[in-house]
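Each remark here refers to the structure printed beneath this line.
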Amino acid sequence: MPKLLRSNMLLSLVVFFTACSVHTIDEKPHKNLEIPKGYSFSSEAISDRNISTFWHEEFRDKKLSSLISCAYENNFDINQSIARIKAARSTSSISSVAGNPELLFESQNTKQFMDSRTLNVIKNGLSLSWEIDLFDRLENKARSDSLEFGAKKEDLEALKLSLGSEIAASYYGAISAYETLDLLKKQTKLNENYLELVKLRFKHGIATNLEILQQKAQVAQSKSLIPPTLANIRTYENRLDVLLGQAPDSKPRVKKEILDVKIPINTGVPSDLLLFRPDLRAQLKRIVAVDADIAFAIAQRLPSVTLGAGGYYSSNFNYSEPIASFSASLLQPLFDWGARKAEVERNKALYEEQLGLFGSLYIKALEEVENAFYNEKQQKDHIKRLEHREDILQEMVEEAKLQYLQGLSDYLPVLDALVSLHELQLSLIEAKYELLLFRITLHRSLGSKAKIKREDI
């Protein structure tokens, strides 16, 4: 039997008996994870109808949506993430074609020295090399890189969600600070009016100097809260500048508005976390990618077969004619001091690590949603109680003022009621802002949709 025929038969047998996957990749590594059927607080489930709106649009604030869209275009962290996506896409493209035949143009000019003669050999032609992917080694590498590319895109979605949430928090924080500033100015004006009233009564011998000092202290208290509020406004405005990819310029981006935002109803259920949280989707892709790396590492320990062919035109001073060549090579690692086996074990350990990381991310996601639901529910009740107390304190101030003007009491009840009312009004603004923060946190925890207009990814 000719040697070439025996070699081809041996190669055929190797291909026949070993052309199968040596490691089965688990495409759904989370299938054994226990997923609760509902939150502690029942809510309207997410559907195609109510997730079609991007989360920040539910607040019906065009200025907020405009700021978020601008940040998606100009934020430096977004640009970094897009660059990482481009690099991962290129890596995926490289590995996806690794299993295809490679065609090369070859040109050689060789001088050979034989006895006293010098031979000048010129060879030009094409060579073809093709590795037969017996154990899906190249396919699994391409699979891993493709999944990492997909994970990078999910990372961008997670970054957009986080960025949009931070912009919303800073935007409404600035509005809250502006409203607080306006309230402090009104309170200061009101306290000054009460001070004039006490001074007038003092001139008529009805009030005491102590009452004047008490009211002066109240005026000073209102004024003392203004500088920290101005600092808060500037801090929020500067933060918005940075998030928008710009240097702080001391120019206001937020209009002085009243913090009166209607909280949307749409929420979701825990099973939706796997569908809508980009960080969980990214982690699932990375788990499968590491599983593909295990298959790749195993295949590295097994034989590899490469076929080659070439067509050349060769010439020297004796002859000038075309030459064709064919080759088949079988490479089997025999002894590598355990390096390839250690690589398999390393990837298996990484797989276990990634599984554990996914479980940790998932239960923390459930915790975030549960906390956001509960905090929002309780915060709404808290605001109702504060508003009820505000009504009572308003009546107390008027009643105490009436009794004071009628000489039925001294000024202390008026002062106490006034102090309580002003403190509560400030607390009410803060409570409304915290309610918005809970809803923003809920959207981020549920992985609500974000949008970005970038044609280069």
Side-chain angles (χ1 to χ4, degrees), residues 39 43 46 50-82 153-177 232 235-246 253-254 257 259 261-268 270 272-273 275-283 361-362 364-377 379 430-454:
Y39 291 120
S43 59
I46 290 180
N50 57 30
I51 67 168
S52 59
T53 301
F54 296 96
W55 71 268
H56 54 84
E57 294 179 354
E58 293 183 354
F59 291 105
R60 302 186 183 280
D61 191 324
K62 293 182 179 179
K63 179 63 176 179
L64 173 62
S65 297
S66 175
L67 289 173
I68 292 177
S69 297
C70 181
Y72 287 167
E73 293 293 324
N74 301 306
N75 181 268
F76 289 107
D77 292 334
I78 291 289
N79 292 335
Q80 291 179 55
S81 182
I82 291 174
K153 292 195 291 185
E154 298 293 355
D155 289 340
L156 175 60
E157 293 299 319
L159 178 59
K160 291 188 297 182
L161 187 59
S162 177
L163 176 62
S165 299
E166 192 171 356
I167 288 175
S170 298
Y171 173 75
Y172 287 122
I175 293 178
S176 175
N232 287 338
T235 299
Y236 285 124
E237 291 279 10
N238 288 344
R239 187 59 188 157
L240 282 174
D241 287 336
V242 172
L243 293 173
L244 293 172
Q246 302 179 16
R253 294 186 177 277
V254 180
E257 302 175 356
L259 192 65
V261 181
K262 301 300 182 182
I263 301 295
I265 299 176
N266 300 340
T267 53
D272 293 325
L273 286 171
L275 301 177
F276 298 110
R277 275 192 67 126
D279 58 336
L280 292 178
R281 296 199 304 264
Q283 185 58 25
L361 288 174
Y362 187 82
K364 287 179 180 178
L366 292 179
E367 178 190 23
E368 290 174 1
V369 175
E370 287 282 352
N371 290 343
F373 266 128
Y374 189 81
N375 286 332
E376 181 179 307
K377 180 178 181 297
Q379 190 70 7
E430 183 179 356
K432 290 180 179 180
Y433 175 54
E434 289 178 353
L435 177 61
L436 280 171
L437 290 182
F438 291 141
R439 173 42 65 111
I440 292 170
T441 300
L442 181 59
H443 277 297
R444 187 176 65 248
S445 301
L446 289 171
S448 301
K449 297 175 70 175
K451 65 178 177 180
I452 182 172
K453 297 178 181 179
R454 296 295 289 263

inquiry  = Between Lys364 and Glu367, does any NZ, NE, NH1 or NH2 come within less than 4.0 Å of an OD or OE carboxylate oxygen?
reply    =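 The answer is no: the pair does not qualify as a salt bridge.
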query = Hey, is Asp61 close enough to Lys63 for a salt bridge, meaning N to O under 4.0 Å?
reply =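 Between Lys63 and Asp61 there is no salt bridge, as every charged N stays at least 4.0 Å from the carboxylate O atoms.
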In Å, rounded to the nearest 0.5 Å, how long is the span from [atom1] of [X] to [atom2] of [Y]?
X	Y	atom1	atom2	result
Leu435	Ile440	CG	CD1	10.0 Å
Lys160	Ile68	NZ	CD1	12.0 Å
Leu244	Leu163	CG	CG	8.0 Å
Glu368	Asn375	CD	CG	12.0 Å
Asn371	Phe373	CG	CZ	11.5 Å
Leu156	Asn79	CG	CG	10.0 Å

Would a distance-only check, ignoring hydrogens and angles, find a side-chain to backbone donor-acceptor pair under 3.5 Å from [X] to [Y]?
X	Y	answer
Ser445	Thr441	yes
Ser176	Tyr172	no
Tyr236	Ala169	no
Asn74	Cys70	yes
Glu237	Ala174	no
Ser162	Ala158	no

message = Tell me which one of Arg277, Gln283, Arg281 satisfies side-chain hydrogen bond (donor to acceptor under 3.5 Å, both in side chains) with Asp279.
response =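 Only match with Asp279 under side-chain hydrogen bond (donor to acceptor under 3.5 Å, both in side chains): Arg277.
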Listed partners of Asp77 passing salt bridge (charged side-chain N to carboxylate O under 4.0 Å, His left out), at least two apart =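 Applying salt bridge (charged side-chain N to carboxylate O under 4.0 Å, His left out) to Asp77 gives none.
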task = Considering non-hydrogen atoms only, spot the tightest contact between Ala168 and Leu64 and give its length.
result =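 Reported closest heavy-atom pair: CA-CD1, 3.7 Å.
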Taking every non-hydrogen atom, the tightest pair across Ile78 and Tyr72 =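 Where Ile78 meets Tyr72 most closely, the heavy atoms are CG2-O, 3.4 Å.
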ask   = So do the side chains of Arg239 and Glu166 get within less than 4.5 Å of each other, counting heavy atoms only?
value =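 Arg239 vs Glu166: side chains touch.
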query = Under the criterion side chain to side chain contact (heavy atoms under 4.5 Å, CB included), which of Asp241, Leu240, Val242 is the partner of Asn238?
reply =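 Result: among Asp241, Leu240, Val242, Asp241 is the only option passing the side chain to side chain contact (heavy atoms under 4.5 Å, CB included) with Asn238.
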